[in-house]
There are 2 protein chains.
Amino acid sequence: MSGVRAQQKQKTRQALIVAAFNQLSAEHSFSNLSLREVAREAGIAPTSFYRHFKDMNELGLTMVDEAGLTLRQLMRQARRRIASGGSVINTSVLTFMEFIDTSSNQFRLLLRERSGTSKAFRAAVAREIQHFILELAHYLEAETPCDANHAYMQAEAMVTLVFNAGADALDQDTQQREELTERLIWQLRYIAKGANHYGTHQVNSKPS
Amino acid sequence: MSGVRAQQKQKTRQALIVAAFNQLSAEHSFSNLSLREVAREAGIAPTSFYRHFKDMNELGLTMVDEAGLTLRQLMRQARRRIASGGSVINTSVLTFMEFIDTSSNQFRLLLRERSGTSKAFRAAVAREIQHFILELAHYLEAETPCDANHAYMQAEAMVTLVFNAGADALDQDTQQREELTERLIWQLRYIAKGANHYGTHQVNSKPS
DNA sequence: TATTTTAGCGTACAAGTGTACGCTGAGATT
DNA sequence: AATCTCAGCGTACACTTGTACGCTAAAATA
C-alpha cells in the first residue's frame, strides 16, 4: 500500500510531459511531435506510451493545463507585487514577459494551439485566456470608474494585446523587446483611458 | 512562341495552389499537408510537384503572398467605401470580417503561420500585417490630431485587435460574431480616444 | 504464500511520407 | 525537318509513423 507502483507511474508520466515540452521550440510545434520520439526522449518504449495517455491529443491537453497552471501561478505572484505598491500595468506586463522568457515552450504551446487544428485544444487555450480576462475585468470594475460591460471589453482588449506582444517577443532580441514592451504599455494606457471615458457616466450610447 | 507550354505550366501551378488552399480547414493546417496529397488533388503525379516548387515550404510562402494580396485588395475596396462617406472603424471592421468569411482558408493560413514553425513564414506574415499597420498609421497621422509615434502605436494596437477578433470569429456562429464585432468596435474606440489624448499636445512624457 | 494486476518491452505490420532516377512526348527553337 | 527543352509520369527505395498483440517481472492484494 506504500504506492511504489503508482509513484513510479506518475514519474514516467511526468517524464513524458517534460519530454514533450522539451521537444517544442521555435521550429517544432506540438503537431510535429511524434509519439515515438516523445517516448524515446522519456526513456520508454513507444507502446508503453499508451499506459499513460490514450493518444497524443490527451498528452497535449494535459500540457495545456500545465502551461495554464504555471501562468496562473506567475500572475498570482504579480498580484502580490502589485499589492505591495507596484504599478498595475507595468508589473503585469513585466511578469508576463518573464513567463515568455522562462517558460517559452509553455507559452509557445498556448500560442500555437490557440489557432491549432483541434477544436478541443482551441477551447482549452481559450478557457485559460478567458480566465485572465475575467480576473482582470473584475479588478478593473472594482478599482476604476467603469461599468461591468466596459470593464470586460477593456480587459479583453488588454489581454489580447499582451498575449500578442508576447508572441512577437519570442522572435526578438533584448533591445527589440524593450521597445515592444514600451509600446505595449502605451497601448494599454490608451485602452484604460478610452474605457474610462466611455465606461463612466451615461456616455454609453454613442461615441463622439 | 505562342506560350502554350508556359501557359499550361502556370495553370497547373495555380492548380497546386488552389488544391493546397482547399485542403486547409479548421482541422487541417498547412504543416499537415503532404506533398503527395496536394499533388493528387491538383491532378498531377507527386514527383511532378518539383517542376513548380522546390518543396512545400516554397508553396507555402507563395500562398502567404497570395493571401496577403487578396486581403490588400479587399482593404483597398474598404478605402473606397470610406471615401464615399462610410465610418472608418465600422467599414474597416466589416470589410475584414468579410475577408474572414469569404476567404477563411486564406485567413487561416496567415493566422496559423504567424506563429508557425518556420521563421520565413512568420516573417512573411509579419510583413503583410506590418503593411496594414503602416498604412493605418499614415492615415491616422494625417486625419487625427496624433503625432507619428502615437499614430503608429495606435495603428499597431488596432490591427492586433482586429486580427485577433478575426481569429475568434472563425469558431463562432453569426450571433456570437455580432457580439464580438460590437465589442471590437468599442475597443477600437478606446484606443482612438486614448491615443488622441496622449498623442496630442505635450502630454507625451508621462501618463496621469 | 499464492494470486492477480499492470508498467514496460519487443516484435511485427500496414500505411504514408519525401524524393532520386530515368523515360516519354509534345511544344519550342533553330 | 532536325534538334532541343522540359512538364509530367512510373517505379523504386529508405524512412517514419501509429498501434495491435503477447510476454515478463515486479508490485499489490488476498
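Model, not experiment: these values are computed from the prediction. Residue numbering restarts at 1 for every chain, and letters A, B, ... go by the order of the sequence lines.
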[X] [atom1] - [N] [atom2] separation (whole Å):
{"X": "A:L59", "N": "D:dG18", "atom1": "CG", "atom2": "C1'", "value": "14 Å"}
{"X": "B:N32", "N": "C:dG18", "atom1": "CG", "atom2": "P", "value": "12 Å"}
{"X": "A:R5", "N": "D:dT29", "atom1": "CZ", "atom2": "P", "value": "10 Å"}
{"X": "A:R13", "N": "C:dG8", "atom1": "CZ", "atom2": "P", "value": "12 Å"}
{"X": "A:E37", "N": "D:dC15", "atom1": "CD", "atom2": "P", "value": "16 Å"}
{"X": "B:D55", "N": "C:dA20", "atom1": "CG", "atom2": "C1'", "value": "15 Å"}
{"X": "B:Q8", "N": "D:dG8", "atom1": "CD", "atom2": "P", "value": "6 Å"}
{"X": "B:N57", "N": "C:dT19", "atom1": "CG", "atom2": "C1'", "value": "16 Å"}

Without swapping roles, check the side chain of A:R114 against the backbone of A:R122 for a donor-acceptor pair under 3.5 Å.
->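 Side chain of A:R114 to backbone of A:R122, a donor-acceptor pair under 3.5 Å: no, none is there.
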Would you indicate what A:Q10 reaches in the nucleic acid, counting non-hydrogen atoms under 4.0 angstrom: base, sugar-phosphate, or nothing?
->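 Touches nothing.
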Give, ordered by number, those residues of residues 45-54 of chain A having at least one heavy-atom distance below 4.0 Å to an atom of DNA chain C; if nothing qualifies, reply none.
->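 Result for residues 45-54 of chain A: A:A45, A:T47, A:S48, A:R51, A:H52, sorted by number.
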Aromatic plane relationship, A:F96 with A:F163 - under 30° parallel, 30 to 60° tilted, over 60° perpendicular |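 Tilted: the ring planes of A:F163 and A:F96 meet at 30° to 60°.
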Hey, what's the ring geometry for B:F99 with B:F107, parallel, tilted or perpendicular (30° and 60° as the breaks)?
->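 The arrangement is perpendicular - the two ring planes meet at more than 60°.
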From the list D:dG18, D:dA26, D:dG8, which nucleotide is the closest neighbour of the side chain of A:S34?
->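 That would be D:dG18.
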Give a yes or no on whether B:E182 atom CD has more than 12 heavy-atom contacts from other residues, nucleotides or ligands under 6.0 Å away.
->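 Not buried by this count: 12 neighbours or fewer within 6.0 Å.
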Apply the test salt bridge (Lys or Arg N to Asp or Glu O under 4.0 Å) to residues A:E98 and A:R81: give CA-CA distance (whole Å), side-chain angles for both, the deciding distance (0.1 Å), then the verdict.
-> CA-CA 14 Å; A:E98 218 175 285; A:R81 286 194 220 167; 3.3 Å; yes
Is B:E66 salt-bridged to B:R72, going by a charged N under 4.0 Å from an acidic O?
->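 Salt bridge flag = no for B:R72 with B:E66.
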Could A:R183 and A:W186 be counted as a cation-pi pair, given that NZ or CZ must be under 6.0 Å from the ring centre and within 45° of the axis?
->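 Checked: cation-pi criterion not met.
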Spell out yes or no: do the side chain of B:R36 and the base of C:dT19 have one donor N/O and one acceptor N/O closer than 3.5 Å?
->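 Per atom types, the contact qualifies.
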